[in-house]
There are 2 protein chains.
Amino acid sequence: MPNARTEKGRATRARIVEGAAEVLREQGVVLTTLDDIRGRTGTSKSQLFHYFPDGKDQLLLAVAQFEADRVLEDQQPHLGRLDSWESWRQWRDAVVERYELQGDHCPLGSLFLQVGRAGPGARAIVAGLMRQWQEQLARGMRALQANGLVPSGLDVDRTAAALLAGIQGGVTIMMSTGDSSHLKAALDTGIEHLRTTGRTG
Amino acid sequence: MPNARTEKGRATRARIVEGAAEVLREQGVVLTTLDDIRGRTGTSKSQLFHYFPDGKDQLLLAVAQFEADRVLEDQQPHLGRLDSWESWRQWRDAVVERYELQGDHCPLGSLFLQVGRAGPGARAIVAGLMRQWQEQLARGMRALQANGLVPSGLDVDRTAAALLAGIQGGVTIMMSTGDSSHLKAALDTGIEHLRTTGRTG
DNA sequence: GAATTTCTGGACTTGCTGGTCCATTTTCCA
DNA sequence: TGGAAAATGGACCAGCAAGTCCAGAAATTC
């Protein structure tokens with residue numbers, strides 16, 4: 001942790017990241033200025049640049065990583081135990097609740113639009129999140145296969161990719177329309193697909 | 001068309017919107033300035049404000065509408081004739097091609113992030129687009145039902161919502177990772193779901 | 001064809017925001 | 001305890017981009 005060599009320093013740095021995440025969630029990247037973050041976190045300009053010498057982009061990147069970590073954490077422990085239909089249902093409810101609660105703003109979506117284009121940093125964060133998320137879904141599907149609940153012929157990776165896409169899109173649509181029905185439809189249809197696939201004559 | 005009362009005026013206004021759309025697609029909203037648009041469209045500051053008196057937001061909104069219209073147009077005529085498996089396949093290919101060609105930037109996604117929060121205008125544009133898109137998908141599914149290719153018990157609206165969410169998410173992921181496999185997975189899995197659903201014992 | 005409206009050019013203003021700088025305080029450590 | 005390193009406060013700077021303004025050209029209209 002460069003430029004945070006003391007206990008107090010690490011605390012301040014963390015306060016900045018968390019406070020910035022709050023402000024960004026409320027106002028969006030475009031409308032948020034360093035002064036907003038300063039105000040929220042009770043810090044001074046020099047502190048911001050002391051902990052993030054490369055300026056705003058570096059801070060945004062740190063916030064993006066912070067938010068990305070939260071995404072998967074918030075789905076635990078359900079996401080880690082997708083081995084029965086009941087556990088899938090619980091996970092589904094957790095996802096819906098999390099995003100309905102979050103309201104109409106996606107911290108990551110807007111963050112990587114700001115930083116994403118220029119730097120490979122933001123892309124790497126998003127790509128990493130997507131990879132991990134999809135892996136966990138795939139693992140859950142394999143657990144269903146192991147329990148004989150889903151035919152072993154299922155293309156797990158493709159199905160997991162499709163489900164992940166559905167969630168992403170559901171969240172996106174929810175953020176622009178305020179309606180979570182697409183997210184629910186994607187989750188429910190995806191799970192239903194698992195239940196019915198491969199049973200064709 | 002306020003402030004474009006003459007033929008020449010309408011042409012200029014259209015040139016501004018189309019040129020702005022180009023620049024925005026290339027650079028993204030955040031990096032695009034009015035001077036960029038001015039340069040691309042060969043116009044002066046006063047022209048921009050003559051045709052869009054409320055400034056940049058109003059112009060962005062016009063571009064958003066312009067792009068939203070294109071989204072559905074680019075899927076025609078396939079989207080209008082989803083009455084056979086072959087036509088669904090053609091539509092699927094058209095969607096994939098369109099977004100792969102468009103590369104790594106979603107004109108609407110970023111546009112409504114900029115304007116979206118504040119004004120209901122951008123939300124209305126996106127919501128309207130989603131509604132129309134989903135309606136056309138639902139109509140296609142009903143056509144399949146009418147042709148006996150899909151069981152009549154299928155919840156068409158929910159399935160269409162899920163498919164739309166999958167497309168959105170697939171595009172979103174593609175834009176941040178450069179990989180179109182999620183989009184393809186969502187489309188293929190969605191169509192496969194249509195083919196296999198309801199055939200369970 | 002003259003009056004009036006619309007359209008265009010571009011200089012100028014204004015406000016904000018990211019970023020710099022340095023003085024001061026606090027913490028660390030020998 | 002005293003000096004070095006880290007942390008903090010806040011004034012200041014520079015640049016940029018949105019928006020204003022007015023003069024003049026083109027067009028419409030009667």
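Naming convention: chains lettered A, B, ... in sequence-line order (proteins, then strands); numbering from 1 in each chain. All values below come from the heavy atoms of this structure, side chains included, with hydrogens, waters and symmetry mates left out.
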Nearest-angstrom distance from the residue atom [atom1] of [X] to [atom2] of [N]:
X: B:I16; N: C:dC7; atom1: CD1; atom2: C1'; value: 11 Å
X: B:N3; N: C:dT5; atom1: CG; atom2: P; value: 15 Å
X: B:R38; N: D:dG19; atom1: CZ; atom2: P; value: 15 Å
X: B:R5; N: C:dT4; atom1: CZ; atom2: P; value: 17 Å
X: B:L48; N: C:dT8; atom1: CG; atom2: C1'; value: 12 Å

Which letters describe nucleotides 16-21 of chain C, given B = protein heavy atom under 4.0 Å from base, S = only from sugar-phosphate, - = neither? -SBBBB

So if I define the base as every atom that isn't primed, P, OP1 or OP2, how would nucleotides 25-30 of chain C read as a B/S/- string at a heavy-atom cutoff under 4.0 Å? -SSS--

Reckon [X] has a side-chain N or O less than 4.0 Å from the OP1 or OP2 of [N]?
X: A:Q47; N: D:dT8; value: yes
X: B:Y51; N: C:dT6; value: no
X: A:T12; N: D:dT8; value: yes

Carboxylate-amine/guanidinium proximity below 4.0 Å for [X] and [Y]:
X: B:R139; Y: B:D83; value: no
X: B:D36; Y: B:R40; value: no
X: A:R25; Y: A:E22; value: no
X: A:R70; Y: A:E18; value: no

B:R92 versus B:I191, closest heavy-atom pair with distance: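 Heavy atoms of B:R92 and B:I191 come nearest at CB-CD1, 4.1 Å.
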
Chi angles and distances behind the side-chain hydrogen bond (donor to acceptor under 3.5 Å, both in side chains) call for A:E100, A:S180: CA-CA 7 Å; A:E100 279 187 341; A:S180 65; 2.7 Å; yes

Quick one: list whatever passes side-chain contact (heavy atoms from CB on, under 4.5 Å) with A:Q58, sequence neighbours left out.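 With neighbours one apart ignored, the set is A:F52, A:P53, A:D54.
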
Give a yes-or-no answer on whether the side chains of B:H182 and A:Q134 include a donor-acceptor pair shorter than 3.5 Å.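 A donor-acceptor contact under 3.5 Å links the two side chains.
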
Do B:S181 and B:D179 pair up side chain to side chain, a donor and an acceptor below 3.5 Å, judged on atom types alone?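 On atom types as modelled, these side chains qualify, holding a pair under 3.5 Å.
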
